[in-house]
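Let me begin by presenting the structure, written as C-alpha cells, before commenting on it.
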Amino acid sequence: MSKSVKTYLKTAAKDYRSRSVNPPVVRASTILFKTMQELRKHQKDIAKKKDVEFWDYGRQGTQTTVQLQKLLRGLEEAYQVFLTPTGFAAVALSIMSICRPGDEILISDGVYRPTQKITDDLLKEFKVRAVWYNPNDFQDFKNKVTRKTKLIYVENPGSNTFEMNDLGKIVSLAKSKNIFTAIDNTWATAYFFKPLKLGFDISITSATKYYSGHSDVMAGTVAVNKKAYDKVWWYNHVSGYRLSADDAYLVIRGLRTLDIRLEKHQENAKKIINFLKNQKKIYKILYPYKTSSREFKLLKKYYSGASGLLSLIIKSKSKNSVYKFVNSLELFGIGYSWGGFESLAVYTDPVELGVRRYFKLEKNEHLVRLHIGLEDPKDLIEDLKKSLKFIK
Ligand SMILES: *Cc1c(COP(=O)(O)O)cnc(C)c1O
C-alpha cells in the first residue's frame, strides 16, 4: 500500500504546509463557483465526461473520496471504483445497474441473505426473474443460462457455507454469450483475488469488513471494467449513493494495513483449523483447507490466499449446549459482521437457512460461524478448547 504516498504527492498542493502524509477530510455539500459561467461550464463538462473525478456537488464526492477511489483502482486493477454507504448498497447498486424488466439474473445459491432478498423479492416486482444455481455444480449453472440471462451474480465462497464456484469457467461462458458478470468478493478482497483481472465486469466488496478492518465504519465498493462503467455510473448518478468523507478517510486508514492484517488473519485461521480438525466435537469445518478437496483446488486455482472467516458444523442433540459453547467463549464476541481486528462467533439457525435450495443441515447438525481475529492464536485455541467441553 506504500504506493499511495507517491500517488498522493503527485496531486498534492503546491504549498508544502498542505502536504500532510494523509489526505485532508473534506466535508462538503455546496461547492462555490466564482461566476455563473464557471458553474455552467463545469455542469456541462461533468455530464459529458461522466467521470467520477469531476464533481460540482458534495453528493458526487470530495478530495477525500477521490483519494480512496484512486487507491482502490490500483488494488482492484479496475477502470473505476464507485463508493457506497454500506456493503449492501454496493450489491444493490450493481444489480440495479444491470437488470431490467424481462431479464433473468442467474445467481449462486449461497449468496448473502439480503442479496437473496433483493433478487427474490424486490426484483420480482420489477419483472426480473431470479434463477438459482448450485455453486458446487458447473453443469447446473450451464444448464440455466438462457437467452434472457442478463447478469450472472456470484458470491465466492458462499456466505456461511463456503461453497466454491469454478470462477474461470463461469466467466468464459458469460463472455461467449455477452452476459454481464458480478461477484461479491468480500471474503477474499482484491488482496487475495482480483475478479476484474479474471474477467468479471463488476467486483463488489463490503469495505465494512477487511478494507476498513476495525469495525468502526460501514462502506461498500463497486469496482468495474470499462464495459460496466456507463451503466453503473448512470444508476449511481440517479440513485444518490455516496460515501461520507469521514468514512472514506477511515477506509483509507484501514487499507494501509490490509496486506499485513489479511496475512495474519490467514495464518491464525490455519492454526485454529489445525486444532479444530482433530476435535471430536467438530463434525466438519467449512473452509477451503483440505488439500484433496474440490474447494481447496479451486482456491489454489484462482486465489493467492484465504481469509479468517469459516464455519463449523457441530453434531449435537442439545442445541442449548452449542449455544453454551458460543456463550462461554471469552475472546470471541457474539455478533454480526466480521473482518475487523476481533474474533467473533455466531450461531446460524438452520431454519433461517431454509431459504437455501442446495445446502442442507441434517437433524442435530448446528452451524457456528467464526471470524478469526488478530489475537494471539494460542489464546484463541485455549478459549475454544475450554468452551468445546460444553457441547453435549
Ligand atoms: C457484510 C456483507 C455484505 C454487506 O455489507 P455491509 O457493509 O454490512 O452492508 C455484503 N456481502 C457480504 C459477503 C458480506 O459479508
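Note that this is a predicted model, so its numbers are computed, not measured. Numbering of ligands and ligand atoms starts at 1, following listing order. All heavy atoms count here, side chains included; hydrogens, waters and symmetry mates do not.
- Looking at N22 and S20, their side chains never bring a donor and an acceptor atom within 3.5 Å of each other.
- Residue contact annotation: Y336 has no non-hydrogen atom under 4.0 Å from ligand 1.
- Among all protein heavy atoms, the one lying closest to atom 5 (O) of ligand 1 is S206 OG, 2.9 Å.
- The shortest N/O to N/O separation between T208 and ligand 1 falls below 3.5 Å.
- Side-chain contact annotation: D201 with Y229, donor-acceptor N/O pair under 3.5 Å absent.
- Distances below 4.0 Å separate heavy atoms of M218 from the following atoms of ligand 1: 6 (P), 7 (O), 8 (O).
- Numbered from 1 in the order shown, with element, the atoms of ligand 1 that lie under 4.0 Å from a heavy atom of F88 read 4 (C), 5 (O), 6 (P), 9 (O).
- The closest side-chain donor-acceptor pair between E104 and T146 falls under 3.5 angstrom.
- With ligand atoms numbered from 1 in the order given, ligand 1 contributes 7 (O), 9 (O) to contacts under 4.0 Å with heavy atoms of T86.
- Taking all heavy atoms of T186, T84, D184, I204 into account, the minimum distance to atom 11 (N) of ligand 1 is reached by D184.
- A 6.0 Å sphere centred on OH of Y283 holds no more than 12 heavy atoms belonging to other residues, nucleotides or ligands.
- Looking only at atom types and distance, the side chain of Q80 has a donor-acceptor partner in the side chain of R73 under 3.5 Å away.
- Here the protein heavy atom with the shortest distance to atom 2 (C) of ligand 1 is K209 NZ, 2.4 Å.
- Donor-acceptor pairing under 3.5 Å is lacking for the side chains of R253 and S212.
- The N/O atoms of G87, backbone and side chain alike, include one that comes under 3.5 Å of an N/O atom in ligand 1.
- Contact annotation for W338 and ligand 1: only side-chain heavy atoms (C-beta onward) come within less than 4.0 Å of the ligand.
- No N or O atom of E155 sits closer than 3.5 Å to an N or O atom of ligand 1.
- In summary, the side chains of Y302 and N156 do not present any donor paired with an acceptor at a separation below 3.5 Å, with no hydrogens or angles considered.
- Using a 3.5 Å distance cut-off with no hydrogens or angles, the side chains of N178 and K175 do not pair a donor with an acceptor.
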